[in-house]
Amino acid sequence: STVVILGCLVIHMILGFSSLAEYKSMVADIDVSDVELADVSDGTYVGECNVGYVYARVQVEVASGKIENIVLLEHRTERGKPAEVIVDKMVEKQSVTVDAVSGATNSSKVIMKAVENALSGK
C-alpha cells in the first residue's frame, strides 16, 4: 500500500514537472506583434490566448482606427492578477505591445497576445 502511494506520488511529480516545462516553453514562444490599427475595421473583436496555467479572453472595441476599450472577459492565472492593468496601458498607448507588468510577465504576455489575436482575427 505504501509502495503504491509512493509510486503514485512519483508519477504525479514527473507529470507536474513536464507540464510546468511545457507551460514555460509555451510562454517563451509567445511573440506579440503590434497590429496596424488603421487596417482594423470598426467593431468589437474577441480573442484569446491559452498556455495552460494562464488563459486570457478579451473583447476589444475599435473605432476610427483607435482602440476604444479592452475588456478582460476571463483571466485564469496563479499570481498574474496584477497584469490585468495592462489593458489600460494598451488603450492609453494605442498599442498591443506595451511593457509587461513586473512580477506578472507571463500573464502580461498572454493578455497582449489575446488582444493581438482579437485584432488580427486569429
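What you see is a predicted model; the values in this text were computed from it and never measured.
- Separating the OG1 atom in Thr44 from the CD atom in Glu61 is a distance of 4.5 Å, to the nearest 0.5 Å.
- Val46 is not connected to Ile70 by any chain of hydrophobic side-chain contacts under 4.5 Å among Ile, Leu, Val, Met, Phe, Trp and Tyr, and they are in different clusters.
- Taking the side chain to side chain donor-acceptor pair (under 3.5 Å) definition, one finds that Thr105 meets it with nothing, sequence neighbours left out.
- No side-chain heavy atom of Asn106 sits under 4.5 Å from any side-chain heavy atom of Tyr53.
- Taking both residues in full, the closest heavy atoms of Asp31 and Lys113 are given as O-NZ, 2.8 Å, listed atom of the first, atom of the second, then distance.
- Between the CG atom of Asn50 and the CE atom of Met26 there is a distance of 6.5 Å, given to the nearest 0.5 Å.
- In plain terms, the two heavy atoms of Val51 and Ile30 that are nearest each other are CG1-CD1, 3.9 Å.
- How far NZ of Lys93 is from CD1 of Ile67: 11.5 Å, rounded to the nearest 0.5 Å.
- In this structure a side-chain-to-backbone donor-acceptor pair under 3.5 Å is present from Asn117 to Glu48.
- Between Glu68 and Val91, the shortest heavy-atom contact is O-CG1, 4.0 Å.
- Between Ile86 and Ala100, the shortest heavy-atom distance links the atoms CD1-CA, 4.2 Å.
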Which is it for Val54 and Ile111 under the side chain to side chain contact (heavy atoms under 4.5 Å, CB included) test, yes or no, and what are the steps along the way?
CA-CA 9 Å; Val54 181; Ile111 293 168; over 6 Å; no

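- In this structure, Val87 is a member of the same hydrophobic cluster as Val85, with clusters built from ILVMFWY side-chain heavy atoms closer than 4.5 Å.
- Ion pairing of Glu92 with Lys89 is absent here, as no side-chain N (NZ or NE/NH1/NH2) approaches a carboxylate O to less than 4.0 Å.
- Nearest heavy-atom pair across Ser33 and Thr97 is C-CG2, 3.9 Å.
- The two atoms that bring Glu116 and Val32 nearest to each other are OE1-CA, 3.4 Å, heavy atoms only.
- Not counting sequence neighbours, Arg79 has no partner by the side chain to side chain donor-acceptor pair (under 3.5 Å) test.
- Under the side chain to side chain donor-acceptor pair (under 3.5 Å) criterion, Glu84 pairs with His75, Lys81, not counting sequence neighbours.
- Between Asp39 atom CG and Leu119 atom CG the span is 11.0 Å, to the nearest 0.5 Å.
- Between the side chain of Ser108 and the main chain of Ala83, no donor-acceptor pair closer than 3.5 Å is present.
- Under the 4.5 Å side-chain heavy-atom criterion for ILVMFWY residues, no single connected hydrophobic cluster contains both Tyr55 and Tyr45.
- Applying the 6.0 Å contact sphere to CG of Asp29 captures more than 12 heavy atoms from other residues, nucleotides or ligands.
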